[in-house]
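These notes are about the structure you will find just below.
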Protein chains: 2
Amino acid sequence: MPVAVLEAFTAPVHIALRQQDIPLTSAPVVPLRVLCSSCHLRELCVPCGVSSSDIQRLDDMKFGRRRVKMGQILYREGDRFQFIYAVRSGTFRSNLMLADGREQVNGFYMAGEVMGLDGVANGVHASSATALEDAEVCVIPYAHLTDMAMGNSGLQQVVGRLMSREILREHSLMMLLGSMNAEERLAAFLLNLSQRLKARGYSASEFHLRMSRAEIGSYLGMTLETVSRTFSAFQQLRLLEVDKRHIRLIDLEGLRRAFEVRLH
Amino acid sequence: MPVAVLEAFTAPVHIALRQQDIPLTSAPVVPLRVLCSSCHLRELCVPCGVSSSDIQRLDDMKFGRRRVKMGQILYREGDRFQFIYAVRSGTFRSNLMLADGREQVNGFYMAGEVMGLDGVANGVHASSATALEDAEVCVIPYAHLTDMAMGNSGLQQVVGRLMSREILREHSLMMLLGSMNAEERLAAFLLNLSQRLKARGYSASEFHLRMSRAEIGSYLGMTLETVSRTFSAFQQLRLLEVDKRHIRLIDLEGLRRAFEVRLH
DNA sequence: CGAATTGTTGATTCCCCTCAAACTGGGTGG
DNA sequence: CCACCCAGTTTGAGGGGAATCAACAATTCG
């Protein structure tokens with residue numbers, strides 16, 4: 001595992017002025033194009049499991065690239081659905097609103113993960129996506145992708161798998177919200193994060209959280225205070241060390257057992 | 001609205017021998033075939049929003065039909081993914097299991113709704129589906145459907161929309177589990193049920209629940225006792241009348257306000 | 001009829017929310 | 001440069017909502 005990358009990732013983030021809620025109305029379209037075939041994320045991202053001839057087709061689409069600064073909103077709930085977005089770097093938060101104005105975080109996306117698929121049903125985005133740090137995404141025109149997939153079973157499967165993966169992701173969050181207590185939720189969250197970071201070549205045991213306690217709490221269906229308390233409890237149990245957003249998992253096995261606290 | 005149908009639906013169910021957990025290993029394949037074009041559910045189901053020429057294509061597939069008795073399992077978590085299923089009649093419960101054995105209901109499906117799409121991602125069903133009453137489904141070979149969709153944008157969109165709709169369904173359940181109290185959850189559940197029944201030509205205000213208190217509780221992330229108590233509380237508030245599984249919604253507006261109890 | 005299943009209701013416990021105060025590090029402006 | 005502010009975090013005290021444990025009624029089935 002590349003140590004330099006690890007350190008770049010786990011080094012403290014010096015958070016500059018947080019540019020909250022800056023919509024990207026005048027899209028800074030970056031003319032640079034990206035090729036899937038030469039992307040270091042190809043094993044995780046859209047081209048995962050696709051034959052090399054089909055990757056060629058993806059290359060032909062020449063996805064646009066877009067930089068998104070911390071705090072900027074990539075797309076908003078209610079925006080017309082046109083693109084899906086593959087994260088190239090950085091982390092995003094996805095959230096949606098209840099009719100009465102309550103808001104909830106319903107996902108965090110990192111490199112290689114695809115956002116925006118909930119817009120297919122009604123042609124309108126059902127959630128908003130905000131960058132939690134300076135980030136970059138591939139902009140994939142959905143209609144273009146499905147056109148491309150026409151008459152090509154490989155690409156067609158890609159789209160299906162992406163959506164189905166999103167369904168599975170939500171399944172596990174539902175299980176979490178429906179049948180776990182605070183400790184189990186946080187443990188599940190951390191283990192999931194750890195595993196995703198590991199798949200991306202980062203340390204599975206030491207990392208920096210890109211999201212606040214409030215965002216974690218919203219995602220896990222608990223208050224920010226309970227998140228903080230649970231972190232402290234885990235530290236006391238020597239399961240991990242926590243300093244603000246810097247996390248070091250000490251006892252992964254112990255964290256996994258935290259799932260089974262309730263199960264006697 | 002056809003009264004006879006309504007009464008058939010809202011009449012007390014005399015629950016016969018509940019055949020729990022009977023897998024359909026030897027599938028009783030019904031040779032009868034179904035045509036989408038002449039199906040009374042075509043506005044709700046797969047053919048929704050599809051041009052008549054594309055419906056012709058669906059007809060050509062001649063979906064198989066399968067009867068499922070109450071308590072029988074249509075497919076199990078872990079089964080190889082081959083088919084998706086459109087409910088023709090009856091109600092299904094979908095549930096999945098945590099690694100430690102805890103189980104959770106994650107959906108109820110009624111006529112015109114499509115089950116099984118969570119199997120696309122890994123080629124394996126991620127949840128199980130059980131009939132809550134004698135039921136009938138259309139058996140749709142997924143590979144055949146996507147083959148058919150090849151080179152046909154209308155059918156291709158069908159599959160995308162079905163999956164995206166499933167994502168939206170889970171979104172709303174997550175919001176519910178993440179940020180609502182017991183009263184809001186049950187109110188949301190009842191209003192959702194009411195609206196779906198109305199769309200199917202049944203009464204929006206009077207119906208029979210096909211699921212137990214325990215199943216509702218599992219779905220809504222609360223215990224069966226709390227479900228029962230909340231029903232009683234709603235009755236005391238004259239929002240509805242409840243007698244076991246028979247429900248009569250008196251004050252739909254009041255139930256909607258139950259969402260806003262928390263929001264002052 | 002007794003056994004089993006489902007639903008209702010009561011008493012008690014406890015987990016987590018709410019409210020509140022204090023601390024931290026960084027950025028800013030005098 | 002230092003005082004101040006601010007957002008984010010930690011920690012404490014107290015209360016409430018839902019889980020847990022338990023008893024009982026109603027219905028169905030063997």
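Per chain, numbering begins at 1; letters A, B, ... match sequence-line order.
- The residue among A:A182 and A:E225 whose nearest nucleotide of DNA chain C is located toward the 5' end is A:A182.
- Contact check for A:E113 versus A:R196: side-chain heavy atoms found under the 4.5 Å cut-off.
- B:T223 has a side-chain polar atom (N or O) that falls below the 4.0 Å cut-off from OP1 or OP2 of D:dA19.
- With hydrogens and angles ignored, a donor-acceptor pair under 3.5 angstrom links the side chain of A:R229 to the base of C:dT18.
- For the pair A:Q235 CD and D:dT11 P, the interatomic distance rounds to 8 Å; values are reported in whole Å.
- Put simply, the side chain of B:Y75 never gets that close to the backbone of B:H125: no donor and acceptor are under 3.5 Å apart.
- Computed from coordinates, the A:R213 CZ to C:dC17 P distance equals 15 Å when rounded to whole Å.
- With a 4.5 Å cut-off on side-chain heavy atoms, B:Y202 and B:H208 do not count as touching.
- Side-chain contact of A:E136 with A:S89: a donor-acceptor pair under 3.5 Å is absent, judged by distance alone.
- Between B:S232 and C:dT9 there is a side-chain N or O to OP1 or OP2 distance below 4.0 Å.
- Computed from coordinates, the A:L224 CG to D:dG8 C1' distance equals 9 Å when rounded to whole Å.
- A:E183 contributes no side-chain N or O that forms a donor-acceptor pair with the base of C:dC15 under 3.5 Å.
- B:H208 places its NE2 atom 15 Å from the P atom of C:dT6, with the value rounded to the nearest Å.
- Regarding contacts with the backbone of D:dG8, every side-chain N or O of A:S212 stays at 4.0 angstrom or more from both OP1 and OP2.
- The two residues A:L176 and A:A188 come nearest to each other via the heavy atoms CD1-CB, 3.9 Å.
- Nucleic acid contact class of A:G221 (heavy atoms, under 4.0 Å, all strands): sugar-phosphate only.
- The distance between atom CE of A:M211 and atom P of D:dT9, rounded to the nearest whole Å, is 11 Å.
- Counting to the nearest Å, the P atom of D:dA19 and the CZ atom of B:R102 are 14 Å from each other.
- One can place CZ of A:R185 at 14 Å from P of C:dC15, the figure rounded to the nearest angstrom.
- Contact annotation: B:T226 reaches the phosphate of D:dA19 (side-chain N/O to OP1 or OP2, under 4.0 Å).
- Taking atom CE on B:M70 and atom P on C:dT5, their separation rounds to 15 Å, with Å as the unit.
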